2 protein chains.
Amino acid sequence: MENTNHPEYEQPAITIDLVIFTVNDDELKVLLIKRAQEPFAGAWSIPGGFLKLAESLDDAAIRVMKDKTGVKEVYLEQLYTFGMPNRDPRTRVITVTYFALIPWQNLRQPESNQVTDLAWHRVDQLPAQLAFDHREILDYAINRLRAKASYSNIVYGLLPLRFRLSDLQKIYESIIDKELDKRNFRKRMLATGLLEETGKKELKGAHRPAMLYRFKKREFVVLD
Amino acid sequence: MENTNHPEYEQPAITIDLVIFTVNDDELKVLLIKRAQEPFAGAWSIPGGFLKLAESLDDAAIRVMKDKTGVKEVYLEQLYTFGMPNRDPRTRVITVTYFALIPWQNLRQPESNQVTDLAWHRVDQLPAQLAFDHREILDYAINRLRAKASYSNIVYGLLPLRFRLSDLQKIYESIIDKELDKRNFRKRMLATGLLEETGKKELKGAHRPAMLYRFKKREFVVLD
DNA sequence: CCAAAAGTGTTAGTGGTACACCCATGT
DNA sequence: ACATGGGTGTACCACTAACACTTTTGG
C-alpha cells in the first residue's frame with residue numbers, strides 16, 4: 001500500500017465475471033455464454049467484462065448484468081476474487097466474481113428464432129468443459145447460494161412480487177436439491193414474519209386456488 | 001473476458017491487504033501499521049502490499065503475513081475485494097483483502113526497546129481515523145470472524161497446540177463479546193468430537209490443574 | 001364425480017439454556 | 001485454612017421432524 005507507479009509492479013488486467021442464477025421449470029439454472037474467440041473458442045463461459053477505470057466493482061457487475069439480461073434490479077453479491085497467475089493463458093487476469101439472482105418472470109425472453117450465444121443451463125447438467133476456471137467459480141457460487149438459502153431469505157431474489165407458497169417451496173427444493181415437508185415448510189416460512197398475504201388467484205386451472213403472498217421487504221435478512 | 005490489451009481498459013493497481021487477528025489478554029486484537037508516507041501519513045492502516053505479477057493472490061497474502069509477523073502457517077481466508085474508484089486519492093487501486101488468525105503464543109515478540117510502526121490494537125478500541133477505507137475493511141473482517149466463530153471451529157487458528165477449555169471459552173468470549181455459561185460451553189465443545197485430551201498441566205499456580213486439550217485436526221470444519 | 005393442488009394439527013424427539021456446588025492445588 | 005480456577009448434572013422449554021386427510025376448484 002506504499003508506492004503506486006512502481007516499475008516492479010506491472011499490473012494485471014481486472015475483469016468482472018457473473019454467475020447469474022434463475023429458477024425455471026423447477027430447476028436451478030445459470031446463464032452461460034458461448035465464446036466466439038480464442039482462447040476457449042466454442043466453450044461455454046460465464047458472462048463478464050473488463051472493469052472500467054472510473055467505475056466501482058459493483059457498478060461494473062450491474063453493467064454486465066444489464067448488457068446480458070436487460071435486467072437491472074436484481075440481487076447481486078460479490079462472491080470471490082480469482083487470480084491464479086495462469087488462469088488466462090494470454091496474460092495475467094484477476095477476476096472479481098459476483099453472483100446474481102433473477103426471477104424467471106423478469107427476464108425478457110429472447111425472440112424465438114433469434115440465434116444467440118446465451119443460454120440457461122441446469123446446474124446439475126453443466127457442460128463438461130467450461131472456459132478458464134469458470135467451473136471452479138460456478139461451484140463456488142452454487143455452494144454459496146445453497147448455504148445462504150438455508151439461513152436467510154435470499155430466495156426472494158428468485159421470486160416475482162407475488163407467489164404461492166408452493167412456488168416458494170419449489171424454489172427452495174430446486175436450490176438444495178431435496179424435497180421438503182409441505183406443512184413444516186409453511187409453518188416455518190410464515191413464522192419468520194417476512195411474508196404477507198395479498199389477494200387470491202387461481203393458476204394452472206383445475207384445483208383449489210392458492211393464496212398469493214409477497215415479501216414484506218425485498219431485502220436480505222438473516223433468519224433467527 | 002474478451003480482449004486484453006485493449007486501450008479503453010487501462011488497468012488499476014492491485015494490492016493485497018490483511019486483517020490479522022490474535023487474542024491476547026482476553027481481548028481480540030488486530031495488527032495495524034503506522035503509515036510513514038502520504039497519503040494518510042501518520043495514520044494507522046492494515047498491513048498490505050502490491051501483488052506481484054507471477055504470484056497468486058493467496059501467495060501474496062502469505063508473503064505479506066510473513067513480512068509483518070514472521071509467521072507463515074496461519075489460518076488465512078480471502079475476505080472481500082474493495083474497489084471504489086476514489087478509495088486511494090492517488091490512483092485507482094483495487095485491494096483484495098484477507099483475514100488471518102494467529103495464536104498469540106506463535107508471535108515472536110518485538111524486542112522491548114525497539115521502535116516499531118507495528119502495533120496490536122483492541123478491536124473495541126480502534127483509532128478514530130484509519131487510512132483509506134481500512135475502517136470499513138476491519139468492520140467487515142470482524143463481522144466475518146464473529147459469524148464464522150458461531151458455526152465453525154475457526155478459533156483453532158487463535159489457539160496454541162494445547163490449551164485448557166477455559167482458554168477456548170475466553171477466546172470465544174472475546175470474539176463475540178459476550179459471556180458464556182461454563183457447563184454448557186464445555187458440553188457443546190466436547191460434543192463436537194473435534195477435541196481430544198492430552199496430559200495434565202498446572203498453570204497460573206494456586207488452583208486445581210486443568211486438563212489440556214488439542215484439536216484432533218487443525219482444519220476448518222463447519223459444525224452441525 | 002374425478003383429478004389436482006391447497007390447506008391444515010398433533011406428537012415425539014432433540015437440542016439449547018439456566019442454574020450451584022465440590023475438587024485439587026499453592027501459599 | 002483460604003483463595004483460585006477446574007470440573008460436573010438436571011430440568012424445562014422451544015424448535016424440528018414425521019405424518020394423512022379434507023377442501024376447492026375445472027373439466
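First the proteins, then the strands, lettered A, B, ... as listed; each starts at 1. Here the structure is a predicted model, which is why all the values come from computation and not from measurement.
Look at B/D167 and B/K170 and you find no salt bridge, because none of the NZ, NE, NH1 or NH2 atoms lies under 4.0 Å from a carboxylate O. Between A/D139 and A/R135 there is a salt bridge, since at least one side-chain N of the basic residue sits less than 4.0 Å from a carboxylate O of the acidic one.
Residue pairs meeting the side-chain hydrogen bond (donor to acceptor under 3.5 Å, both in side chains) criterion with at least one partner in residues 209-221 of chain B, sequence neighbours excluded, are B/E196-B/R214.
Stacking of B/K148 on the aromatic ring of B/F220 is recorded, both the 6.0 Å distance cut-off and the 45° axial limit being met.
For the pair B/R188 CZ and D/dT8 C1', the computed distance is 17 Å after rounding to whole Å. Rounded to whole Å, the distance from NZ on B/K201 to P on C/dT25 is 16 Å. Taking atom CZ of residue B/F185 and atom C1' of nucleotide C/dG15, one finds them 17 Å apart after rounding to whole Å. A straight line from CG of A/D167 to C1' of C/dA6 spans 12 Å, rounded to a whole angstrom. Atoms NZ (A/K178) and P (D/dA17) sit 9 Å apart, rounded to a whole Å. For the pair A/Q169 CD and C/dG7 C1', the interatomic distance rounds to 12 Å; values are reported in whole Å. Between the CG atom of A/L212 and the P atom of C/dA5 there is a distance of 16 Å, given to the nearest Å. If you measure from atom CG of B/L190 to atom P of D/dG6, you get 14 Å, rounded to the nearest angstrom.
Here the CG atom belonging to B/N143 is positioned 13.0 Å from the OH atom belonging to B/Y80, to the nearest 0.5 angstrom. The line from CD of A/E173 to NZ of A/K178 is 11.0 Å long, rounded to the nearest 0.5 Å.
Taking only side-chain nitrogens and oxygens, B/R164 comes nearer than 4.0 Å to OP1 or OP2 of D/dG6. Between A/S166 and C/dA5, a side-chain N or O to OP1/OP2 separation shorter than 4.0 Å is absent.
For A/F215 and A/F163, the ring centers are positioned less than 6.0 Å apart.
Place A/P209 and B/K170 on DNA chain D by their nearest nucleotides, and B/K170 ends up nearer the 5' end. Nearest-nucleotide positions on DNA chain D for B/A206 and B/M211 put B/A206 closer to the 5' end.
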So which protein nitrogen or oxygen atoms get under 3.5 Å of nucleotides 8-14 of chain C's nitrogens or oxygens?
from	atom 1	to	atom 2	distance (Å)
C/dT10	O4	A/K187	NZ	3.1

